[in-house]
Every structure is written in C-alpha cells, then in structure tokens.
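Below is one structure, written out as structure tokens; the observations come after it.
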Amino acid sequence: MPGGTGNFSMLKGSLVGWRSLLSSLTVSYSIPALRKARRQEQLVSKRLLREESTAAEGGQDGAEIVPDPLSEDEVLELLKGVQRGSDDRKRSLSQLRLALQNQETQQKFVRLDGSIPTLIGLFTSRLADVQMEAARCLHELSHSSDPMVAEACLPVTSYLLTYLSGHSVEFTELCLYTLGNLVVESEAVRKRLLPQGIIPVLASCIQSPHDAVLEGLGYVLSQLLQAKEAPAEIIPLVLGSALPQHMLRLVCSGLKSGTGAAVEFAWSLHYMVCSHTADAALLSLGAVPALTSLLLDLAAEIQDAPEGLELIVCPVLRCLGNLLAGETGCEAQIQDERLLIALFLIMEHFLQEHPFIVQEGLWLLNNLTADEPFFCSALLSLDLLPALLQLLRCSQMATVLAAADFVGQGGCWALERHRSSPALQERAQALLDMVGQPAGASAFAPSHTTLPAFS
C-alpha cells in the first residue's frame, strides 16, 4: 500500500491544536519488549519457544540451522535411549528434542510403536527436569506442518490441559504454545479439546498474574477462534464463560501491562466480532466505550509510544469499526468529538512507517460517519477535511461519508474552499463530483462496512 511522500504540513497544522485537548488523558505504563514484531498474516502461524542457548546454536546472526534427518535406526536408538530409565535420560531427551527439529525425523518418530506413549509417560514424570525436556519434545512435534504429526499428538491434549494449572510459568507457557500449535493444524485436535474442557480451563488461566502466561493463552484463544467451526461450536462456549470480560479488560490495559497479551486478545475479540454471533454480548459488556477510551489513551501518548504499538492499534480499530458496522445503533454510545481527533492523530503518526494503519482508520471513519450526522458535522466543524483529503491516498476502498449527511452538514461548501489548494484540489474536485451524482450512484452512499476476519 503506498504511503505517499508529499507535504503533510497541512495535516499536521490542522491537528496540532488538538493535542492539548487530549493531553489531559494521561496514562502511566511500562511495556515489556515484544518477543518479535509480528504482522497480521503471522497470527495464524505456529509459534516456537526454544531456549536462548538453543537458538544461539544457529550461528552469529541467530539464524536457525535445521539438523539433518536421521535414519529410522537412529530414531529408534534415540527412542530406546529415553526408554531405558538410566541416569542420562535427560541427555537422551535433549538429543531427541534437537533431532525433532527436522520434519522427516518427526515423521519417522511418530510412526514408531510406543513413541508418543513414551513421551507422555516422561511428560507426566515427577522429575521436573525430565518433564520439562519431554514437554519441549512435544512442543517440537506440535510445530510440524504435517497434519499426521499433529494428530499423533492427540493423546497428550488432556495432559496439556491439566498442566495449565501448574506452578511453573515456563512450563505453563510451553504447554499453552504447544496447544496453540496443535489446534491450528487439526480439526480432530479441536474436536478432542472442546469436550475435554479447554474453554473453562482457559477461563481459569486468564486470571494469571504472569504476562507470559496471558500472552500464550491469548495465542491459543486466537487460534481457536479462527477455526471454521468457531461460530457454531467455539464462540458460544466462550460467550458462556468469563473469558469475554477478561479479554476486554486485558486489551484495554495493554498500555499498562503486557502488550503481547493485549495484541492476542484484541485479535481474539476481532474474530468474535466477525462471526456476527457475539455483538450483543460484547456490547452489553461495554466494548464500544471501552475500546473508544483505549483509542483516546493511545492518541494521548502517541508521540512517546513504544515500538510495535501498531500491533495493537490495528485489531482495536477493526474491532470498533466492525462493531459499528452492525445495525446496533451503538454510535450513540460514543458521540464524542475527541474520538475523531484521536483517530486522525493515530493515522498521522503511523502514516509514513505503517500506512496500513491509515487504511484501518479510514474504515473506522467510514463506519462512524455512515448515517451519522453527529460525526459528519464534527468532521467539518473541527476542520479535519484537509487532513482527510491528504489521508485518502492510503485507501482506494474507504467510502468515508454518508452523502446525504455530508451535504446536509455543509460538506460541499467545505470542499469548495479547498478546491483552489494545489495540494488538495484534485481530491476535492473528485469528491465534489461524487457527491453530485444521483443517490445510490456513487461510492459515497451510506454504508457500514465490515472488514473480514482475514485480509
């Protein structure tokens, strides 16, 4: 998506006076560094937790080196080594874990009789170091792209759920990411986990005080909610639990605590909204004013924002925009001019480095102004039209306003004022031409638009 390199002084000039209005919305927060910046398309991928010492073996630049595949005899010898029960069992498990980083070796291992039961036996061991190393082996298997490997791990799912109530943060985190990897790969795994009570277990874990556990839990939930059967089979269970209110709380406290967890739960909320089965429940929890307040907080602190803030801004904009797209009348809950100011400040901040955020913001603006005279009037009275004309280059799809409300609030007159500006005249004339068309003939017909769960 083109970001544009033109002169945006007009945009900044029309917004700088409004920073003081938002400056009173102070937020105190401490944000831990994200493990790794990840974009939307990576949210459906698998995650891999490895010890830093193991990652360092990849070379000076940390690049991963995949071990060569082992022969069937070599894999069998590794299995026998972990079955012997000798003092060097942990060393044998460590060797097996490294070997299982190779997909061919994974496939050979799961085909061996007794391989998975052996790992499960060690995973349930009372020896903490053996248990952890067996968990790492299972985690390597869960990362496989071969569905056969994922389904071979079916017998371990109940144990993974049981150990989510453990006392070791590192062990709980490892179990969560193993579960998240398995559920995205196999419908059979999801069918097994639902009757085993994964939703109540997650609802219990979400009150953990540990950011690493919460982020892993959010990862599992976001994977589950993207499944094709989620609207009919998973979301009703989530809505019947305590998860939604805690998810909303964690998203809205993302500036004060773990941003990683807030990102995962924001996407989880987005997938629920896109199912068209959760709007009423989320609205009853106050999702619209809560997310609006979060956007105000983000805008107030945007100049000192930490790196990676766009990762939470994107799903929050989508959640709010898609909630507004429903025929719920929830716009009345947020008739606050500060939301427009906050939205433009956020779009201005991310315009150069992350222009995709501008497109997300324009979709939200579209749904705020569709059939809504209040926001159309505010857009004009706050003199945000020049800024809007500059930002429209970032989106070829946003319809931006409801034509009748736009005209009724003096929109044509405002456009006429900017038609003589060299920087804006082309866009101003194009919009004047569009609103001058018969009703229903232009892209500016009143329309709430829902962004899809995946795009």
Side-chain angles (χ1 to χ4, degrees), residues 25 27 29 31 40 43 176 199-211 213-226 230-231 234-301 309 311-326 328-334 336 339 342-343 346 360 364 367-368 450-451 453:
L25 303 171
V27 180
Y29 59 90
I31 299 183
Q40 177 187 350
L43 291 173
L176 283 166
I199 300 302
V201 171
L202 295 181
S204 175
C205 286
I206 203 169
Q207 300 188 56
S208 170
H210 304 290
D211 290 342
V213 171
L214 291 173
E215 184 172 354
L217 191 156
Y219 169 63
V220 177
L221 197 57
S222 69
Q223 300 287 66
L224 280 171
L225 291 171
Q226 293 174 77
I234 298 173
I235 291 178
L237 296 176
V238 172
L239 293 176
S241 73
L243 281 169
Q245 56 261 45
H246 288 295
M247 291 162 63
L248 191 60
R249 170 181 59 82
L250 289 165
V251 170
C252 293
S253 63
L255 290 174
K256 303 181 183 71
S257 55
T259 304
V263 170
E264 301 295 348
F265 288 116
W267 281 110
S268 296
L269 285 174
H270 166 65
Y271 300 131
M272 291 178 68
V273 172
C274 287
S275 74
H276 306 295
T277 62
D279 285 10
L282 293 176
L283 291 174
S284 70
L285 292 173
V288 169
L291 294 174
T292 299
S293 178
L294 176 58
L295 286 178
L296 293 176
D297 291 344
L298 289 168
E301 301 293 329
L309 193 67
L311 298 173
I312 187 170
V313 170
C314 182
V316 168
L317 290 174
R318 283 204 170 192
C319 280
L320 188 55
N322 285 344
L323 281 170
L324 291 171
T328 58
C330 57
E331 295 92 337
Q333 301 179 31
I334 52 169
D336 188 337
L339 177 56
L343 185 55
I346 289 169
E360 302 290 344
L364 173 56
N367 287 349
L368 280 172
T450 302
L451 281 175

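Just so you know, these numbers use all the heavy atoms, side chains as well, and skip hydrogens, waters and symmetry mates.
Between Leu217 and Cys205 the shortest heavy-atom distance is CD1-CB, 3.2 Å. The two residues Leu224 and Ala230 have their closest heavy-atom pair at O-CB, 3.8 Å. Shortest non-hydrogen contact noted between Ile312 and Ala262 is CD1-CB, 3.4 Å. Here the shortest heavy-atom pairing between Pro244 and Val238 reads CD-O, 3.3 Å.
Looking at residues two or more places apart in sequence or on another chain, you find a side chain to side chain contact (heavy atoms under 4.5 Å, CB included) between Ala242 and Gln245, His246. Looking at residues two or more places apart in sequence or on another chain, you find a side-chain hydrogen bond (donor to acceptor under 3.5 Å, both in side chains) between Thr277 and Ser275.
Taking the side chain as every heavy atom from C-beta outward, Pro315 and Phe265 never approach each other to under 4.5 Å. Here the side chains of Met247 and Leu221 are in contact, with some heavy-atom distance below 4.5 Å. Annotation: side chain of Leu294 is not in contact with side chain of Leu320 (no heavy-atom distance under 4.5 Å). Between Asn322 and His270 there is a side-chain heavy-atom pair separated by less than 4.5 Å. Inter-residue side-chain proximity for Met272 and Leu239 is flagged as met; some heavy-atom pair is nearer than 4.5 Å. The closest side-chain heavy-atom distance from Leu343 to Leu317 is below 4.5 Å. Within the 4.5 Å cutoff, no side-chain heavy atoms of Leu202 are placed close to those of Ile206.
Summarising the geometry, atom CD1 belonging to Ile235 is positioned 10.0 Å from atom OG belonging to Ser268; distances are rounded to the nearest 0.5 Å.
A donor-acceptor contact closer than 3.5 angstrom is absent between the side chains of Glu215 and Tyr219.
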Inset, instruction - Could you please spell out the steps behind the side-chain contact (heavy atoms from CB on, under 4.5 Å) verdict for Leu282 and Leu248? - result: CA-CA 9 Å; Leu282 293 176; Leu248 191 60; over 6 Å; no

